[in-house]
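Worksheet: the structure to be examined is printed underneath.
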Number of protein chains: 2
Amino acid sequence: MASEERKKSRVTLLDVARHANVSRATASLVLRKSPLVGNATRLRVEQAMRDLGYVYNIGAARLRVERSQIIGAIVPNLANPFFAELLSGIEEVIGATGKAVILANSGDQVERQDMLLQRMREHGVDGVILCPAAQTSSTLSDQITDWGMPLVQVLRHISLDLDYVGVDYAAGMHQAVDYLASLGHKKIAFAAHGPIHSAYQERVEGFRDAMLARNLDPGIIIRFPTQLGEIANATHLLFDHETRPTAVICFNHVVALGLSAGLHDRGLTIGRDFSLVSFDDVADAEAIRPKLTSVSTGPVTIGEMAARLLVDRIANPGLQPRHVVKDTTLHIRQSCGRPN
Amino acid sequence: MASEERKKSRVTLLDVARHANVSRATASLVLRKSPLVGNATRLRVEQAMRDLGYVYNIGAARLRVERSQIIGAIVPNLANPFFAELLSGIEEVIGATGKAVILANSGDQVERQDMLLQRMREHGVDGVILCPAAQTSSTLSDQITDWGMPLVQVLRHISLDLDYVGVDYAAGMHQAVDYLASLGHKKIAFAAHGPIHSAYQERVEGFRDAMLARNLDPGIIIRFPTQLGEIANATHLLFDHETRPTAVICFNHVVALGLSAGLHDRGLTIGRDFSLVSFDDVADAEAIRPKLTSVSTGPVTIGEMAARLLVDRIANPGLQPRHVVKDTTLHIRQSCGRPN
DNA sequence: CTGAAAGCGCTTACAG
DNA sequence: CTGAAAGCGCTTACAG
């Protein structure tokens, strides 16, 4: 194995070329599967690579060619399963193109996000998929254009000058409201939480529009704590409001989990005593009882679409900005009934 | 802004040096905050960097120095919230050292894992945190040593020649068994699922040992489907066994979610009609009703510890292999009662 | 198909 | 503190 010697000085393309009795240029061509090199030669070079334990040095290659084969992904909260699913979609399609993805967590803080973008530039990433931190200034968009950095916004947007893959949150809200209204509900609350950003606003406005369209009071909008653990204990907020709602539409799956626990704690049976619609179901939605009726957004697919857009954008930086907005699906399960 | 011109040819350290009237060597020293350079000079160079919009090129630097400032993390299942929490711990401490983390998903497939390790070598990562795919051969360990690749195994291990950060699964099983036994349970099932690996075996053996130590039948070990969605429907397996158990200890939080749903579907109230102990609680454990009593393993902390070990190992490759095994905590909540 | 050569952007002795 | 120079491992015309 002679591993000791090997470690001392890494084997380089020149070593391979010598071992195979070809020039370095030829070895390089074999590496990149050029058709210029004959079959016998190719085999000889490939054998040499194996014999010597050659490892391609992407970093060195990148210095000449302007391609690092790395893309960046920045999300606001890694521990949230929703973003984990998003990432798994991104990783899958980026990985399939042979590139690697650098992962970073902005914690929804703009300064941290700035730092991470800078770090990614230093690493020479070929592009970035960004779910912008709440409060990100729209001037970041100009900066990114200025840098010439291929970037796609995902789930939240700060500017329409950049690519964007998101969800038709407003339409999702209409689905939820329409469904509850069809069951006879008139007092429907919206349970929000967390930082304010485009996806937040689109949901709230979608809710308002949908309620107004049905001549219902759009004003029962209640803010819950950010942390899942505290939401259940704040369930009373739902009933402190002057008009007691008979149903609630949740901002996301975190709120839905929290309220479904909190309603249970108050002795209310969901689907019978009170109706609840979740938003964004993630994998474990199936495991909650009663099963939650939910407006599903499909984070894995969104990740995949964002990755594809980024790959396109890298290949063709001149493209006009593209915006793809995914439809939601209402999954009717067991958490809604007629109002009492 | 002159962004157009800038994009054409990136600004290099030499440009900065010229703009600041110093040599390239000096500019390089400023970059790395060497004390060799005087304050006035430093400020001048830093101003030049700002004026020109200089971006440090880590890739170029790496070619000289043997440091890419990138580490790799390979997990078997990105979409599982347990691994998402693990990653968030890793990303946090690696990020704090100024390095970036390349993320990859092996899908628990060894061939894919081999490919990913190879890719990471090509990217010149400084080290890797690996949760080995099930069925990984222990010879991978020799290979890694041969490559001289700093690596820490996390949660699962294939060889004690490498660093390892894991959990004392066996002790966790003892906690669960002891607790159930103290409530009077004698027929306790173990509900397993998924691929077989060290962490799997340690749990099973821990269960057996703990049962034997109390003179209880250690044989009620039942395999459930891998997918969360199918577990609930397989709950009957619990009762198909010749000796009907009064309690179940779950392999992980996925099984616990599935069975807790399935028991509910059978009209059984958990904590009253049947007792259940979960393993690995993740953030949303708090939101399930009844609240699940659980042996908690703390994935975020494990990620942090693994990252610290890797940083140490990179700094000091000569270190003896270290193995840190984290204690579990039994969180008693509401899912267990006396047997009927 | 192949060889010699230049160059990507940095770091690192070395001599001053 | 500074300048000139070599070199990290690759790719890419260019001439043959």
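We name chains A, B, ... by the order of the sequence lines, and we start the count at 1 in each one.
Of all heavy-atom pairs spanning Val37(A) and Arg42(A), the tightest one is O-NH2, 3.5 Å. Summarising the geometry of Ser198(A) relative to Leu155(A), their closest heavy-atom pair is OG-O, 4.4 Å, with the distance given to 0.1 Å. Smallest separation of non-hydrogen atoms from Ile158(B) and Ser138(B): O-CB, 3.4 Å. Closest non-hydrogen pair, Ala84(B) versus Leu78(A), comes out as CB-O, 3.8 Å.
Base-pair partner of dA4(D): not found among the strands shown (Watson-Crick or G-U wobble, both distances under 3.5 Å). dA13(C): no Watson-Crick or G-U partner with both key distances under 3.5 Å is found in any strand.
Atom CD of Glu111(A) sits in a crowded spot, with more than 12 heavy atoms from other residues, nucleotides or ligands closer than 6.0 Å.
Taking atom CZ of Arg32(A) as the reference point, atom P of dT11(D) lies 5 Å away to the nearest angstrom. Atom CG in Asp15(B) sits about 13 Å away from atom C1' in dC10(C), given to the nearest Å. As a whole-Å value, the separation of Arg62(A) CZ from dC10(C) C1' is 12 Å. As rounded to whole Å, 14 Å separates atom C1' of dC8(D) from atom CG of Leu13(A). As rounded to whole Å, 7 Å separates atom C1' of dG9(C) from atom OH of Tyr54(B). Distance, Leu14(A) CG to dC8(D) C1': 13 Å, rounded to whole Å. Remark: P of dC8(C) and CZ of Arg67(A) are 19 Å apart, rounded to the nearest angstrom. Taking atom CZ of Arg42(B) as the reference point, atom P of dT2(D) lies 11 Å away to the nearest angstrom.
Side-chain atoms of His197(B) do not come within 3.5 Å of backbone N or O of Cys131(B) as any donor-acceptor pair.
Mapping Arg24(B) and Asn21(B) onto DNA chain D via the closest heavy atom, the residue that lands nearer the 5' end is Asn21(B).
Nearest nucleotide to the Val65(B) side chain, out of dT11(C), dT2(C), dC10(D): dT11(C). Residue Tyr56(B) places its side chain closer to dT11(C) than to any other of dT11(C), dG9(D), dT12(D). Distance from the side chain of Thr41(B) is smallest to dT2(D) among dT2(D), dG9(C), dT2(C). Side chain of Ala25(A), nearest nucleotide from dT12(D), dT11(D), dG3(D): dT12(D). Among dT2(D), dT11(C), dT12(D), the nucleotide with an atom closest to any side-chain atom of Leu29(B) is dT2(D). For Leu63(A), whose side chain is taken as the heavy atoms from C-beta onward, the closest listed nucleotide among dC10(C), dG9(C), dT2(C) is dG9(C). Across dT11(C), dC1(D), dA6(C), the shortest atom-to-atom separation from the side chain of Arg64(B) is found for dT11(C).
Taking only side-chain nitrogens and oxygens, Ser28(A) never comes nearer than 4.0 Å to OP1 or OP2 of dC10(D). Regarding contacts with the backbone of dT2(D), a side-chain N or O of Thr26(B) is found under 4.0 angstrom from either OP1 or OP2. For the pair Ser23(A) and dG3(C), the criterion of a side-chain N or O lying under 4.0 Å from OP1 or OP2 is met. Phosphate contact (OP1/OP2 of dC8(C), side-chain N/O of Thr12(B), threshold under 4.0 Å): absent.
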